[in-house]
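A note on names: the letters A, B, ... follow the listed sequences, proteins ahead of strands, and every chain is numbered from 1.
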Amino acid sequence: DAGVIQSPRHEVTEMGQEVTLRCKPISGHDYLFWYRQTMMRGLELLIYFNNNVPIDDSGMPEDRFSAKMPNASFSTLKIQPSEPRDSAVYFCASSPDPGYEKLFFGSGTQLSVL
Amino acid sequence: DQQVKQNSPSLSVQEGRISILNCDYTNSMFDYFLWYKKYPAEGPTFLISISSIKDKNEDGRFTVFLNKSAKHLSLHIVPSQPGDSAVYFCAASTTSGGSYIPTFGRGTSLIVHP
């Protein structure tokens, strides 16, 4: 299996622009997670899905952030409009059901908002 | 408020010696604990876990110790190797409420010198 695939690996954009991050989970995994890594807060959970349905989005920082999972093999995290404080590494992870205490992470998207 | 705390941002160790990474937690409902390892430009990967019914779990060179009364766990790597140089994340979750979603610490960067 190719593992969790994220794109793009790097994204540089200007403040105010829309940013879309993409994720393909491991086939057969029912849970999908979006995390953000910063020096100050470490790995923060933004939102997670079970069988394509958003379960908990309490970690989404603001209304500028939105996430969708239109099917079992694809998810997006969108920031509109982006701000410099959104600069971070964004990770997507998936896990099977049951046993979702062990997550399988993608390589992440390094986002820089200038 | 950080529920999982890794108070040492970095640790430097000589090859062949023991590495000890520490983690404290504040939520007494946490009953399952994990360590993840992250290399640069890669996502975190699961390393080892421990349930609160145990106080020790060993996997090769890696041993995790849990002190429930002190709300403290530690990861021991013996002997340390240069390939162990990475960021180590401590994570904790609650299984009793049916939600296994782990809460992560900020990470500790381990450097093992040859």
Side-chain angles (χ1 to χ4, degrees), chain A residues 1-11 21-26 29-50 54-60 88-111, chain B residues 1-10 21-27 29-54 57 59 64 86-109:
Chain A
D1 199 319
V4 176
I5 299 173
Q6 291 187 246
S7 64
R9 290 298 305 271
H10 302 275
E11 177 79 38
L21 312 181
R22 297 172 176 80
C23 175
K24 176 179 169 55
I26 294 173
H29 282 191
D30 294 325
Y31 287 83
L32 183 138
F33 307 82
W34 283 100
Y35 279 88
R36 177 171 69 175
Q37 183 192 4
T38 61
M39 291 297 293
M40 287 297 296
R41 301 178 70 86
L43 276 168
E44 295 177 275
L45 177 66
L46 300 177
I47 185 172
Y48 79 95
F49 296 82
N50 179 22
I55 303 300
D56 184 355
D57 65 354
S58 60
M60 297 285 261
V89 181
Y90 290 81
F91 288 103
C92 175
S94 69
S95 68
D97 177 23
Y100 55 93
E101 67 272 20
K102 296 175 188 173
L103 308 183
F104 296 81
F105 284 83
S107 296
T109 295
Q110 173 75 59
L111 174 64
Chain B
D1 183 32
Q2 287 271 317
Q3 296 188 70
V4 177
K5 300 177 182 179
Q6 296 178 256
N7 292 320
S8 297
S10 63
L21 294 92
N22 294 303
C23 178
D24 297 293
Y25 61 96
T26 58
N27 189 340
M29 295 297 292
F30 287 147
D31 57 3
Y32 194 81
F33 305 89
L34 311 94
W35 286 92
Y36 281 77
K37 179 178 181 179
K38 182 186 177 306
Y39 290 118
E42 295 183 10
T45 56
F46 170 76
L47 182 61
I48 192 169
S49 63
I50 187 168
S51 166
S52 61
I53 62 173
K54 295 184 175 182
N57 188 27
D59 183 2
V64 55
V87 176
Y88 290 80
F89 288 98
C90 173
S93 65
T94 303
T95 62
S96 58
S99 172
Y100 288 70
I101 310 302
T103 298
F104 286 84
R106 295 181 185 176
T108 296
S109 177

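Remark: B:Leu47 CG to A:Lys102 NZ distance equals 11.5 Å, nearest 0.5 Å. Note that CZ of B:Phe46 is 12.0 Å distant from CZ of A:Phe105, once rounded to the nearest 0.5 Å.
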*asked:* Under the criterion side chain to side chain contact (heavy atoms under 4.5 Å, CB included), I'd like the reasoning laid out for A:Leu43 against B:Tyr36: C-alpha separation, chi angles, the key distance, then a yes or no.
replied: CA-CA 11 Å; A:Leu43 276 168; B:Tyr36 281 77; over 6 Å; no

*Residue pair A:Leu45, B:Ile101: steps toward the side chain to side chain contact (heavy atoms under 4.5 Å, CB included) verdict*: CA-CA 9 Å; A:Leu45 177 66; B:Ile101 310 302; 3.4 Å; yes

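Heavy-atom pairs under 4.5 Å with chain A peak, among B:Gly107, B:Gly105, B:Pro44, at B:Pro44.
Contacts of A:Gln37 with chain B are made by side-chain atoms alone, with heavy-atom separations under 4.5 Å and no backbone atom involved. Looking at A:Tyr35, the atoms closer than 4.5 Å to chain B (heavy atoms on both sides) all sit in the side chain, from C-beta outward. For a residue to count as touching a neighbouring chain, one of its non-hydrogen atoms must lie under 4.5 Å from one of that chain's; by this rule B:Gln2 touches chain A with the side chain only. Contacts between B:Ser49 and chain A at a heavy-atom distance below 4.5 Å involve the side chain alone, from C-beta outward.
Within 6.0 Å of NZ on B:Lys5 lie no more than 12 heavy atoms contributed by other residues, nucleotides or ligands.
Closest approach of A:Met40 to B:Arg106, counting heavy atoms only: O-NE, 2.7 Å.
The ring pair (Phe, Tyr, Trp, His ring centres under 6.0 Å) search around B:Phe30 returns none, not counting sequence neighbours.
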